Amino acid sequence: MTCIKKELIDGDTALVGVIGCPIKHSLSPVIHNAALTELNLNWCYLAIPCTKDDFNLVIQGLRAIDCKGLNITIPHKNIAINACHKLTTIAKNAGAVNTLIPDKLNSWIGSNTDIEGFLVPLQPKKEWQKKTALVIGSGGSAKAVLHGLSTLEFSKIYIVGRNQVSLDNLLNEINKNQFLSTELQLLLNHDVLLSKYIKESDLIINATPVGMYPDTKEMPLGKKVWENLENNTTLYDLIYTPRPTEWLKLGKIYGCQTIDGLEMLIQQGAASLRLWSGIEKIPTKLMKQAAIKALNAQYN
Ligand code: NAP
């Protein structure tokens with residue numbers, strides 16, 4: 001168990017934290033407390049376990065004790081929408097909230113920093129104009145990924161899912177919110193032309209948990225389909241346990257550019273901290289160092 005040094009907590013210490021279930025293995029306390037110490041902010045960031053049934057009660061209670069800000073993670077990102085009194089445009093469009101900012105009158109403003117976090121490693125934006133992207137997965141993070149991609153002017157996006165129902169749900173949401181004007185093609189993961197689409201893609205994103213600890217030998221879509229990988233393709237895996245995943249290791253063998261999920265994690269956290277504190281310059285390098293140290297201790 002990690003203990004916070006006692007002398008850092010006093011009567012003025014305020015609370016910030018992340019709410020989820022399960023939450024024990026979250027890296028957010030590690031990265032945020034590293035930043036808070038560096039910024040000399042007398043706040044303490046905790047992982048707060050909370051079931052769906054208790055969600056409203058818990059966030060109302062935390063607002064009542066002047067909690068300075070919350071992150072929201074699995075499985076509450078969607079239900080948090082209804083618990084907020086106001087939503088930022090980005091949270092409204094994304095249909096998901098990962099950040100709560102205290103508002104007046106005991107209320108919370110809901111925002112979403114996942115999209116901003118996802119986009120940071122894809123700068124400069126103009127690199128992706130008129131290119132083709134392929135997204136694997138059709139769940140919550142695939143939605144955030146598609147919102148991010150909608151700002152990068154791709155000419156075509158493939159979305160590969162394992163079941164038709166969740167692909168249909170995703171398509172309905174895209175049509176309802178009209179946030180993506182790019183040409184789209186939805187495919188099932190056993191589509192016979194998958195290798196061809198992979199070959200023609202400039203950016204491929206894994207937005208599934210396939211390959212994540214403890215099933216680290218797994219590869220999204222299976223190993224065979226990656227035999228046609230081109231060296232000018234960029235592979236972006238949202239997973240950061242392990243770093244790199246087997247899929248990214250394979251990508252390196254083919255000469256591809258690879259991006260793992262750690263930068264997204266750090267950048268979404270930094271964006272939340274910016275919203276809560278009003279401080280523009282967040283020590284992201286230090287947050288990353290703290291995360292790597294914790295990951296090495298947990299998984300090696
Ligand atoms: P999610 O909402 O549960 O969606 C997961 C998606 O992956 C669904 O489309 C699901 O298909 C599909 N899937 C699950 N297991 C699969 C399998 N064995 N084979 C093929 N497809 C499978 O989860 P999420 O929130 O999108 O998270 C996905 C991954 O992204 C996780 O590993 C998470 O840790 C990571 N993530 C990272 C960050 C970061 O900051 N780096 C942020 C968010 C998420 P069905 O629709 O059929 O269930």
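Just so we're clear, the structure is a prediction, and the values are computed from it rather than from any experiment. Both ligands and their constituent atoms are indexed starting at 1 by order of listing.
- Ring pair Tyr45/Trp276 is tilted by interplanar angle, where 30° to 60° counts as tilted.
- Comparing Gln267, Met264, Lys143 by heavy-atom distance to atom 39 (C) of ligand 1, the nearest is Met264.
- Of the charged side-chain nitrogens involved, none lies within less than 4.0 Å of a carboxylate oxygen, so that Arg243 and Glu263 do not count as a salt-bridged pair.
- With respect to Lys131 and Glu153, no salt bridge is recorded, no charged nitrogen being found less than 4.0 Å from a carboxylate O.
- Across Asp215, Leu238, Thr208, heavy-atom proximity to atom 37 (C) of ligand 1 is greatest for Leu238.
- Ranking protein heavy atoms by distance to atom 34 (O) of ligand 1, first place goes to Met212 SD, 3.7 Å.
- Of the residues Asn206, Ile136, Ile205, the one that meets the side chain to side chain contact (heavy atoms under 4.5 Å, CB included) test with Val145 is Ile205.
- Numbered from 1 in the order shown, with element, the atoms of ligand 1 that lie under 4.0 Å from a heavy atom of Val210 read 16 (C), 17 (C), 18 (N), 19 (N), 20 (C).
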Verdict with supporting geometry, Ile259 and Leu235, side chain to side chain contact (heavy atoms under 4.5 Å, CB included): CA-CA 6 Å; Ile259 303 166; Leu235 304 186; over 6 Å; no

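- Near Tyr240, with a cut-off below 4.0 Å to any heavy atom, the atoms of ligand 1 are 41 (N).
- Close contacts of ligand 1 with Leu265, meaning ligand atoms under 4.0 Å from a residue heavy atom, involve 40 (O).
- For Trp247, the ring pair (Phe, Tyr, Trp, His ring centres under 6.0 Å) criterion is met by Trp226, not counting sequence neighbours.
- Of the protein's non-hydrogen atoms, the one nearest atom 26 (O) of ligand 1 is Ser141 OG, 2.5 Å.
- Atom 9 (O) of ligand 1 has as its closest protein heavy atom Ser138 N, 2.8 Å.
- For ligand 1, the atoms sitting less than 4.0 Å from at least one non-hydrogen atom of Ser166 are 46 (O), numbered in the order shown with element in parentheses.
- Protein heavy atom at the shortest distance from atom 5 (C) of ligand 1 is Pro209 CD, 3.9 Å.
- For the residue pair Asn93/Asn177, the side-chain donor-acceptor check at 3.5 Å is not satisfied.
- Exactly one residue among Asn232, Leu229, Ile204 makes a side chain to side chain contact (heavy atoms under 4.5 Å, CB included) with Cys256. That residue is Leu229.
- Checking atom 23 (O) of ligand 1 against the protein gives no heavy-atom contact under 4.0 Å.
- Looking at Asp114 next to ligand 1, no N or O pair under 3.5 Å apart turns up.
- When heavy-atom distances to ligand 1 are checked against a 4.0 Å cut-off, Ala207 comes that close only through its backbone atoms N, CA, C and O.
- Of the protein's non-hydrogen atoms, Gly139 N, 3.7 Å is the one closest to atom 8 (C) of ligand 1.
- Looking at Asp114 and Lys77, a side-chain N of the basic residue comes within less than 4.0 Å of a carboxylate O on the acidic one, giving a salt bridge.
- Less than 4.0 angstrom separates some heavy atom of Asn163 from each of these atoms of ligand 1: 45 (P), 46 (O), 47 (O).
- The atoms of ligand 1 that sit less than 4.0 Å from any heavy atom of Gly261 are 39 (C), 41 (N).
- Among protein heavy atoms, the minimum distance from atom 2 (O) of ligand 1 is reached at Gly140 N, 2.9 Å.
- Nearest to atom 48 (O) of ligand 1 among the protein's heavy atoms is Arg162 NH2, 3.1 Å.
- Take Tyr240 and apply the ring pair (Phe, Tyr, Trp, His ring centres under 6.0 Å) test, not counting sequence neighbours, and it matches no residue.
- Counting only heavy atoms, the protein gets under 4.0 Å from atom 46 (O) of ligand 1.
- Using a 4.0 Å cut-off between a side-chain N of Lys or Arg and a carboxylate O of Asp or Glu, Asp215 and Lys217 do not qualify as a salt bridge.
- Between Glu246 and Lys249, at least one side-chain nitrogen of the basic residue sits less than 4.0 Å from a carboxylate oxygen of the acidic one, meeting the salt-bridge criterion.
- Between Ile239 and ligand 1, not a single N/O pair is under 3.5 Å apart.
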